[in-house]
**Q** 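After the structure tokens below, expect a handful of questions from me.
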Amino acid sequence: MSVRIRILRFDPSQDERPWWGAYEADVEPTERVLDALHYVKWYRDSSLALRRSCAHGICGSDAMIINGVNLLACKVMIRDLEQPIVIEPIRGLPVIRDLVVDMEPFFAGYKEVKPWLIVDEDEKEPPRERIQSQEDRERYDDTTKCILCAACTTSCPIYWADGKYVGPAAIVNAHRFIFDSRDRGGRERLEILSGKGGAFKCRTAFNCTDACPRGIKVTLAIQEVKRAALYDSV
Ligand code: SF4
Ligand code: F3S
Ligand code: FES
């Protein structure tokens, strides 16, 4: 079938402002938006810039706004969308070209929360694996599912308005370690997230939870981090 697609294009080296490109793509109803974008790039206009890698919802590189909603292009079927399919880059990060945004500010927020296992000096070389009960593992199971696609952070109005906010994805990844019984960096992370750009910037807008392609309860994770910071309960 032939589908109509409108893509917000912008190449800072030659465009003064963004413009809408209109295309037709020959794809099956059961194919994904990513297939339609490939069709446009391969058969209509090879200058179209987009990021993708796995095409199966795992690498997190093709988050974009599709018909007004933050989605992964490789997960959405053509038959589930109204036409024309309108595609824009995710918001809140500088556009490098077309659908490719600069992810550096996003990863800067991620790095701020120290998303790695922190242990005490005498635990650095344990004689055996670090044991954890099933209940302890369950405590942070949801937040291990993050693929760092930035769909949540770039749907958050607080993040759009305040470049200092680390954003929901960073807090999700802090949660993953704060509530890990093997980790000793919880207090340090909670201190960071109690600061100016931290979890208390969140106004429970819930856009992040709606946007997450992994179904992570992002707002709940943020609330748990806030509660832990307030009651020192790690
Ligand atoms: Fe993407 Fe969900 Fe992780 Fe946010 S929490 S970066 S939406 S996978
Ligand atoms: Fe933003 Fe999500 Fe909070 S959309 S305001 S981080 S609940
Ligand atoms: Fe990897 Fe879509 S291309 S998540």
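In this text the structure is predicted, and so the values were computed from the model without any measurement. Order of appearance sets the numbers: ligands from 1, and atoms from 1 within every ligand.
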**Q** Can any side-chain N or O of Thr153 pair as donor or acceptor with the backbone N or O of Gly167 at less than 3.5 Å?
**A**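 No; zero donor-acceptor contacts below 3.5 Å.
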**Q** Using modelled atom types and a 3.5 Å cut-off, is there a donor and acceptor pairing between side-chain atoms of Arg44 and backbone atoms of Glu24?
**A**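 Answer holds: yes.
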**Q** Can you tell which part of Cys59 has a heavy atom less than 4.0 Å from ligand 3: side chain, backbone, both or neither?
**A**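 Looking at Cys59 and ligand 3, atoms from backbone and side chain both fall under 4.0 Å.
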**Q** Provide the number and element of each atom of ligand 3 under 4.0 Å from a heavy atom of Gly57.
**A**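 Listed by number with element, the hits are 4 (S).
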**Q** Between Arg51 and Asp62, does at least one N-O distance fall below 4.0 Å, as a salt bridge requires?
**A**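 Salt bridge: no.
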**Q** Heavy-atom distances under 4.0 Å decide this one: backbone, side chain, both or neither, for Tyr165 against ligand 2?
**A**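 Only the side chain of Tyr165 comes within reach of ligand 2.
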**Q** Yes or no on side-chain hydrogen bond (donor to acceptor under 3.5 Å, both in side chains) for Thr209 and Thr219, after CA distance, side-chain angles and deciding distance?
**A** CA-CA 6 Å; Thr209 300; Thr219 311; 2.6 Å; yes
**Q** Could you state the interatomic distance from SG (Cys202) to CD1 (Ile171), rounded to the nearest 0.5 Å?
**A**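 Going from SG on Cys202 over to CD1 on Ile171, the span is 6.5 Å.
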**Q** Between Arg139 and Asp180, is there a salt bridge with N-O shorter than 4.0 Å?
**A**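 No, this pair does not count.
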**Q** Can you tell me if Ser47 and Arg97 form a side-chain donor-acceptor pair at under 3.5 Å?
**A**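 Result is no, nothing qualifies.
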**Q** Mind listing the protein N/O/S atoms less than 2.8 Å away from atom 1 (Fe) of ligand 2? Waters don't count.
**A**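 Those protein N, O or S atoms (cut-off: under 2.8 Å from atom 1 (Fe) of ligand 2) are Cys156 SG.
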**Q** Which ligand 3 atoms does Gly60 reach within 4.0 Å, using its non-hydrogen atoms?
**A**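 The atoms of ligand 3 under 4.0 Å from a heavy atom of Gly60 are 1 (Fe), 4 (S).
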**Q** Is the closest side-chain donor-acceptor distance between Thr154 and Asn70 under 3.5 Å?
**A**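 A pair is found: one side chain offers a donor N or O, the other an acceptor, under 3.5 Å apart.
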**Q** Just jot down the ligand 3 atoms closer than 4.0 angstrom to any heavy atom of Ser53, in number order.
**A**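 Contacts of ligand 3 toward Ser53, numbered from 1: 3 (S).
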**Q** Looking at Phe179, does the NZ or CZ of Arg176 lie under 6.0 angstrom from its six-membered ring centre and within 45 degrees of the ring axis?
**A**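 Here Arg176 fails the 6.0 Å and 45° test against Phe179.
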**Q** Side chain, backbone, both or neither: which part of Ile58 has a heavy atom under 4.0 Å from ligand 3?
**A**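 The backbone, only.
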**Q** State the atoms of ligand 1, each with its element, that fall below the 4.0 Å cut-off from a heavy-atom position in Pro213.
**A**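 This gives 7 (S) as the contact atoms.
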**Q** Taking only heavy atoms of Cys54, which atoms of ligand 3 are found under 4.0 Å from at least one of them?
**A**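 Reading through ligand 3 atom by atom, the close ones are 1 (Fe), 3 (S), 4 (S).
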**Q** Grab the two heavy atoms, one from Ile131 and one from Arg182, that are nearest each other, plus how far apart they are.
**A**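 Closest pair (atom of Ile131, atom of Arg182, distance): O-CG, 4.3 Å.
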**Q** Can you tell me if Tyr43 has over 12 outside heavy atoms packed within less than 6.0 Å of its OH?
**A**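 Counting other residues, nucleotides and ligands, OH of Tyr43 stays at 12 neighbours or fewer.
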**Q** Considering heavy atoms of the protein only, find what lies nearest to atom 3 (S) of ligand 3 and give residue, atom and distance to 0.1 Å.
**A**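 Answer for atom 3 (S) of ligand 3: Ala55 N, 3.1 Å.
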**Q** Could you grab the protein N, O or S atoms closer than 2.8 Å to atom 3 (Fe) of ligand 1 for me?
**A**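 You should have found Cys146 SG.
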**Q** In this structure, are over 12 heavy atoms from other groups packed under 6.0 Å from Glu191 atom CD?
**A**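 Incorrect, the count does not exceed 12.
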**Q** Could you walk me through whether Ser155 and Arg91 pass the side-chain hydrogen bond (donor to acceptor under 3.5 Å, both in side chains) check?
**A** CA-CA 7 Å; Ser155 72; Arg91 294 202 179 101; over 6 Å; no
**Q** Can you name the one residue among Ile7, Ile87, Val3 that meets side chain to side chain contact (heavy atoms under 4.5 Å, CB included) with Tyr23?
**A**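 The single option meeting the side chain to side chain contact (heavy atoms under 4.5 Å, CB included) with Tyr23 is Ile7.
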**Q** With heavy atoms of Cys74 as the reference, note each atom of ligand 3 found under 4.0 Å away.
**A**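 In order of number, 2 (Fe), 3 (S), 4 (S).
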